[in-house]
**Q** 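This is the structure I have questions about; it appears just below.
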Amino acid sequence: NLARANGVLTNLFNQSSGELSNKGEIYTPIMDLSDLKSIDLLCTKLRKSRLNIDILILNAGLQYTGSKSPRWSEQGIELTFAVNHLSHFYLIQKLLPLINNNNSKIIITSSEVHNPISSGGRVGAKASLGNLSGLVSGSRFEMIDGNQFNADKAYKDSKLCNILFAKELSNRLNKKGLSIPVIAWAP
């Protein structure tokens with residue numbers, strides 16, 4: 001939201017001691033990552049402005065731990081997957097023409113919980129996408145693998161999707177001759 005974005009910018013400027021003033025403009029677009037229409041509206045606005053994107057940070061991390069039933073995006077997609085992964089995937093598809101120089105970077109925040117041997121990955125159900133039967137079934141699937149909803153696993157699965165997406169995006173950009181780094185990291 002706008003208040004949080006302004007808070008982050010204020011912190012950046014307060015900590016930078018004027019170093020950012022020569023670096024260009026920082027723009028923090030506001031959209032609802034649980035609604036593909038909201039993403040579409042923002043992307044249309046950005047494309048019309050012919051803005052060049054130097055760094056795109058995809059940082060969604062929605063988790064509703066302990067919930068026994070799924071929540072849904074505007075398009076009827078389980079909310080954890082919709083916000084943490086699908087919104088990132090969709091944004092990249094829409095904004096890639098604006099990320100067209102080899103000085104650009106794409107940064108995707110994931111989590112070590114996608115890895116079943118990490119400390120967080122060992123707790124509870126392990127991340128697994130199975131054969132994607134939930135995703136293949138269409139909207140209103142509870143889990144990507146087709147199983148019943150598990151909030152902890154939904155988060156882990158969405159972060160596994162982030163890692164797989166970063167690898168595939170990097171491969172596809174390289175095949176196009178673009179040397180745009182795609183960085184997936186766990187805070």
Side-chain angles (χ1 to χ4, degrees), residues 1-8 28-47 53 56-96 98-99 106-116 118 120-169 172 182 184-187:
N1 65 37
L2 186 58
R4 288 184 69 187
N6 286 336
V8 168
T28 53
I30 306 300
M31 71 193 108
D32 180 352
L33 292 175
S34 70
D35 184 357
L36 297 177
K37 290 180 186 176
S38 176
I39 295 169
D40 253 342
L41 289 171
L42 180 84
C43 290
T44 299
K45 179 181 169 185
L46 291 175
R47 285 193 313 269
I53 297 175
L56 181 63
I57 301 172
L58 304 168
N59 188 43
L62 173 75
Q63 181 177 20
Y64 46 105
T65 304
S67 181
K68 300 294 183 206
S69 58
R71 298 177 189 168
W72 308 103
S73 73
E74 288 295 318
Q75 286 72 35
I77 306 295
E78 190 278 319
L79 199 57
T80 312
F81 174 73
V83 170
N84 295 359
H85 173 66
L86 186 60
S87 66
H88 292 171
F89 178 84
Y90 196 63
L91 269 167
I92 291 292
Q93 303 312 308
K94 295 290 188 175
L95 294 180
L96 200 52
L98 303 177
I99 310 169
I106 299 170
I107 301 169
I108 302 171
T109 303
S110 185
S111 171
E112 68 176 14
V113 299
H114 79 281
N115 182 348
S118 72
R122 286 192 303 259
V123 176
K126 294 178 180 12
S128 168
L129 306 179
N131 65 1
L132 305 176
S133 62
L135 188 60
V136 171
S137 72
S139 64
R140 293 287 181 188
F141 61 89
E142 292 189 17
M143 297 291 292
I144 297 167
D145 62 9
N147 289 320
Q148 288 188 313
F149 183 72
N150 175 315
D152 181 54
K153 185 177 180 309
Y155 180 77
K156 291 175 181 180
D157 288 354
S158 73
K159 294 304 174 177
L160 176 57
C161 287
N162 290 159
I163 297 292
L164 296 172
F165 173 55
K167 287 182 177 192
E168 183 61 22
L169 178 60
R172 289 183 184 215
V182 179
W185 75 289

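The shown structure was predicted, so the numbers you read here are calculated from the model rather than taken from an experiment.
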**Q** Apply the test side chain to side chain contact (heavy atoms under 4.5 Å, CB included) to residues L98 and L56: give CA-CA distance (whole Å), side-chain angles for both, the deciding distance (0.1 Å), then the verdict.
**A** CA-CA 10 Å; L98 303 177; L56 181 63; over 6 Å; no

**Q** Return the minimal non-hydrogen interatomic distance between D152 and Q63, and the atom names on each side.
**A** OD1-NE2, 3.8 Å

**Q** Quick one: salt bridge (charged side-chain N to carboxylate O under 4.0 Å, His left out) partners of E168, sequence neighbours excluded?
**A**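 Residues passing salt bridge (charged side-chain N to carboxylate O under 4.0 Å, His left out) with E168: R172.
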
**Q** Is there a side chain to side chain contact (heavy atoms under 4.5 Å, CB included) between K153 and D145? Walk through the geometry before answering.
**A** CA-CA 10 Å; K153 185 177 180 309; D145 62 9; 2.9 Å; yes

**Q** I need the N84 CG to S111 OG distance, nearest 0.5 Å.
**A**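 If I round to the nearest 0.5 Å, the distance is 10.0 Å.
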
**Q** Determine yes or no for a side-chain-to-main-chain donor-acceptor pair under 3.5 angstrom, with E74 supplying the side chain and K37 the backbone.
**A** no

**Q** Find out whether W72 and E142 are in side-chain contact, i.e. whether some heavy atom of one side chain is under 4.5 Å from a heavy atom of the other.
**A**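 Side-chain contact under 4.5 Å: yes.
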
**Q** Of all the heavy-atom pairs spanning S34 and L79, show the shortest one and how long it is.
**A** CB-CD1, 3.5 Å

**Q** Can you name the nearest heavy-atom pair linking V113 to A127, along with the distance?
**A**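 Shortest heavy-atom contact: O-CB, 4.4 Å.
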
**Q** Considering all heavy atoms of both residues, which atom of I39 and which atom of D32 are nearest to each other, and what is their separation?
**A** CG1-O, 4.0 Å

**Q** So, applying side-chain contact (heavy atoms from CB on, under 4.5 Å) with S133, which one of N131, L129, V136 is it?
**A** N131

**Q** Keeping S73 on the side-chain end and A82 on the backbone end, is there a donor-acceptor pair under 3.5 Å?
**A** no

**Q** Considering all heavy atoms of both residues, which atom of I108 and which atom of V182 are nearest to each other, and what is their separation?
**A** CD1-CG1, 4.1 Å

**Q** Can you pull the side chain to side chain donor-acceptor pair (under 3.5 Å) pairs that have at least one residue in residues 86-95, sequence neighbours excluded?
**A** D40-Y90, D40-K94

**Q** Hey, mind stepping through L160 and I144 against side chain to side chain contact (heavy atoms under 4.5 Å, CB included) and telling me if it holds?
**A** CA-CA 11 Å; L160 176 57; I144 297 167; over 6 Å; no

**Q** Within the structure provided, determine whether L58 and I92 are in side-chain contact (heavy-atom separation under 4.5 Å).
**A** yes

**Q** Using atom types as modelled and distance alone, determine if a side-chain donor or acceptor of E78 lies under 3.5 Å from a backbone N or O of T80.
**A** yes

**Q** Please name the pair of heavy atoms, one in D157 and one in S128, separated by the smallest distance, quoted to 0.1 Å.
**A**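 Closest approach of D157 to S128: OD1-N, 2.9 Å.
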
**Q** Do W185 and S110 have a side chain donor and acceptor closer than 3.5 Å?
**A**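 No donor-acceptor contact under 3.5 Å links the two side chains.
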
**Q** If you round to the nearest 0.5 Å, how far is OG of S38 from CG of L33?
**A** 7.5 Å

**Q** Atom CE in M143, atom CG in L132: separation rounded to 0.5 Å?
**A**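 If I round to the nearest 0.5 Å, the distance is 12.0 Å.
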
**Q** Looking at NZ of K159 and CG of L164, how far apart are the two atoms once the value is rounded to the nearest 0.5 Å?
**A** 13.0 Å

**Q** Measuring from atom NZ of K68 to atom CG of N150, what distance do you get when rounded to the nearest 0.5 angstrom?
**A**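 With rounding to 0.5 Å, NZ (K68) is 8.0 Å from CG (N150).
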
**Q** Once rounded to the nearest 0.5 Å, what's the spacing between atom CD1 of I53 and atom CD1 of I99?
**A**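 Taking CD1 in I53 and CD1 in I99, the distance rounds to 4.5 Å.
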
**Q** Mind telling me whether F149 and Y64 have parallel, tilted or perpendicular rings, with 30° and 60° as the class edges?
**A**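 Judged by the thresholds at 30° and 60°, the geometry between Y64 and F149 is parallel.
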
